[in-house]
Amino acid sequence: MNSCVCRPSLCVMLVPMRTYSHAILTTALGTALRDRGVKVDQQRFIMGSIVPDLPFLFLSLSGAAYLRWGRGISGDSMWAILGYLYEFDPLWIAAHNLFHAPLLITLYLLIGVWAERRGYAWGHALRWFALGCLFHTALDIPTHHSDGPVLFFPLNWSYRFPSPISYWERDYHAAAFTIFEYSLNALAIAYLAIRWGLRKLRRASSAPSA
């Protein structure tokens with residue numbers, strides 16, 4: 001977007017989510033931990049990096065479709081309505097913060113640890129899913145100015161930490177952060193590619209000769 005006619009917090013729907021960055025960085029982190037002997041549930045860990053954004057994505061797409069084709073509302077008016085819902089509607093707030101709110105994620109993590117210690121297989125999966133969510137929101141909180149997670153949800157339904165950095169708002173260093181984010185993604189992908197290549201070479205060298 002080159003311009004925005006509504007205030008930044010109401011334009012959040014106009015900006016593509018960078019969920020893929022969360023997935024890339026979480027994959028690299030999980031891989032590094034596994035290389036150091038940590039028993040990472042990589043699938044659940046990566047799921048935890050993606051799932052937090054899915055409720056918001058579903059509500060945004062379905063809300064935009066309903067307003068555009070069900071009510072005949074489009075353009076700036078549609079985005080303003082969606083932005084209002086994001087900020088103030090209880091359903092949107094609860095859905096978006098179900099896997100973003102630090103207090104709830106900590107609860108999921110504690111339940112997972114409790115279940116794992118009692119021998120329940122799902123406890124290990126829940127623990128790593130919660131850790132993926134925690135890593136996701138730990139990256140989100142300092143990179144959103146107007147539209148970050150509700151920090152103390154469900155005890156408080158409105159306070160969002162106004163970070164001085166935003167991954168998309170131009171007034172809060174979005175251009176510089178985008179360069180940093182993509183550079184970090186490139187490093188993570190390079191690490192994964194090099195690791196994959198080295199593993200292939202080791203397997204080839206250890207294979208019995210004909």
Side-chain angles (χ1 to χ4, degrees), residues 12 17-62 85-163 165-167 181 184-185 187-189 191-192 195-196 199:
V12 64
M17 295 183 299
R18 294 175 185 168
T19 308
Y20 55 83
S21 293
H22 287 288
I24 292 169
L25 297 178
T26 303
T27 300
L29 176 60
T31 300
L33 291 173
R34 292 176 74 178
D35 286 344
R36 285 158 178 77
V38 180
K39 295 181 180 179
V40 179
D41 187 331
Q42 186 79 322
Q43 182 179 357
R44 281 16 179 252
F45 194 41
I46 296 171
M47 283 177 59
S49 73
I50 297 172
V51 168
D53 285 339
L54 297 185
F56 170 72
L57 178 61
F58 172 77
L59 288 172
S60 298
L61 293 177
S62 59
L85 292 172
Y86 176 83
E87 284 195 83
F88 302 111
D89 184 80
L91 173 62
W92 282 60
I93 293 172
H96 181 62
N97 288 281
L98 185 62
F99 300 110
H100 273 101
L103 295 179
L104 288 182
I105 297 172
T106 301
L107 176 62
Y108 307 151
L109 179 60
L110 292 175
I111 292 173
V113 171
W114 174 87
E116 186 176 14
R117 289 180 176 177
R118 280 154 181 79
Y120 297 107
W122 57 268
H124 182 75
L126 178 59
R127 177 164 69 91
W128 281 102
F129 174 78
L131 287 171
C133 293
L134 191 62
F135 185 48
H136 179 115
T137 204
L139 295 176
D140 270 2
I141 291 171
T143 57
H144 289 70
H145 176 80
S146 302
D147 59 335
V150 178
L151 202 58
F152 302 112
F153 181 87
L155 302 181
N156 176 286
W157 287 58
S158 61
Y159 179 73
R160 307 174 192 271
F161 173 66
S163 173
I165 298 172
S166 170
Y167 85 95
E181 178 186 352
L184 197 59
N185 287 347
L187 289 174
I189 292 171
Y191 162 72
L192 292 170
R195 180 184 175 278
W196 178 83
R199 290 187 66 184

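Everything numeric here is computed off the predicted structure, so don't read it as measured data.
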message: If I take atom OG1 from residue Thr143 and atom CZ from residue Arg18, how far apart are they, to the nearest 0.5 angstrom?
response: 9.5 Å
Heavy-atom pair with the smallest gap, counting every atom of Cys133 and Phe99: CB-O, 3.8 Å
Ile24 side, atom CD1; Thr19 side, atom OG1 - distance, nearest 0.5 Å: 11.0 Å
task: Give the minimum heavy-atom separation between Ala188 and Leu25, together with the two atoms involved.
output: CB-CD2, 4.0 Å
With sequence neighbours excluded, residues passing salt bridge (charged side-chain N to carboxylate O under 4.0 Å, His left out) with Arg44: Asp41
- request: Kindly indicate whether the side chain of Ile141, heavy atoms from C-beta on, has any atom under 4.5 Å from the side chain of Pro149.
  value: yes
query: With Tyr191, which residues qualify under side chain to side chain donor-acceptor pair (under 3.5 Å), at least two apart?
result: Asp35
message: Between Thr27 (side chain only) and Ala23 (backbone N and O only), is there a donor and an acceptor less than 3.5 Å apart?
response: yes
statement: Closest non-hydrogen atoms of Ala95 and Pro55, given as atom of the first, atom of the second and distance, are O-CB, 3.4 Å
message: Over 60° means perpendicular and under 30° means parallel, so tell me whether His136 and His22 are parallel, tilted or perpendicular.
response: parallel
Qualifying residues under side chain to side chain donor-acceptor pair (under 3.5 Å), relative to His145, sequence neighbours excluded: Tyr172
- prompt: Roughly how far apart are His144 NE2 and Ile165 CD1, rounded to 0.5 Å?
  reply: 12.5 Å
Side chain to side chain donor-acceptor pair (under 3.5 Å) partners for Thr31, two or more places apart: Gln42
field: CH2/Trp196: more than 12 non-hydrogen atoms of other groups inside 6.0 Å
entry: no
task: May I ask you to decide if the ring planes of Phe135 and Phe45 are parallel, tilted or perpendicular, using 30° and 60° as cut-offs?
output: parallel
- line: Separation between CG (Leu61) and CZ (Phe56), nearest 0.5 Å, reads 9.0 Å
- prompt: How long is the gap from OG on Ser158 to CZ on Phe152, to the nearest 0.5 Å?
  reply: 10.5 Å
statement: Interatomic distance, CG@Leu59 vs CG@Leu91, rounded to 0.5 Å, equals 5.5 Å
field: Residue list, salt bridge (charged side-chain N to carboxylate O under 4.0 Å, His left out) with Arg34, at least two apart or on another chain
entry: none
Using residues 102-116 as the side-chain source, report each donor-acceptor pair under 3.5 Å to any protein atom, sequence neighbours left out, with the distance given to one decimal.
{"from": "Thr106", "atom 1": "OG1", "to": "Pro102", "atom 2": "O", "distance (Å)": "2.8"}
{"from": "Tyr108", "atom 1": "OH", "to": "Leu98", "atom 2": "O", "distance (Å)": "2.8"}
{"from": "Glu116", "atom 1": "OE1", "to": "Arg127", "atom 2": "NE", "distance (Å)": "2.5"}
{"from": "Glu116", "atom 1": "OE1", "to": "Arg127", "atom 2": "NH2", "distance (Å)": "3.3"}
{"from": "Glu116", "atom 1": "OE2", "to": "His124", "atom 2": "ND1", "distance (Å)": "2.8"}
{"from": "Glu116", "atom 1": "OE2", "to": "Arg127", "atom 2": "NH2", "distance (Å)": "3.3"}

query: Counting distance only, does the side-chain N/O of Thr137 pair as donor-acceptor with the main-chain N or O of Leu134 below 3.5 Å?
result: no
message: Does atom CZ (Phe161) have a neighbourhood of more than 12 heavy atoms from anything else shown, all under 6.0 Å?
response: yes
Derivation and outcome, side chain to side chain contact (heavy atoms under 4.5 Å, CB included), residues Val51 and Phe129: CA-CA 9 Å; Val51 168; Phe129 174 78; 3.9 Å; yes
message: For the backbone of Trp92 and the side chain of His96, can you confirm whether one donor and one acceptor N or O come within less than 3.5 Å of each other?
response: no
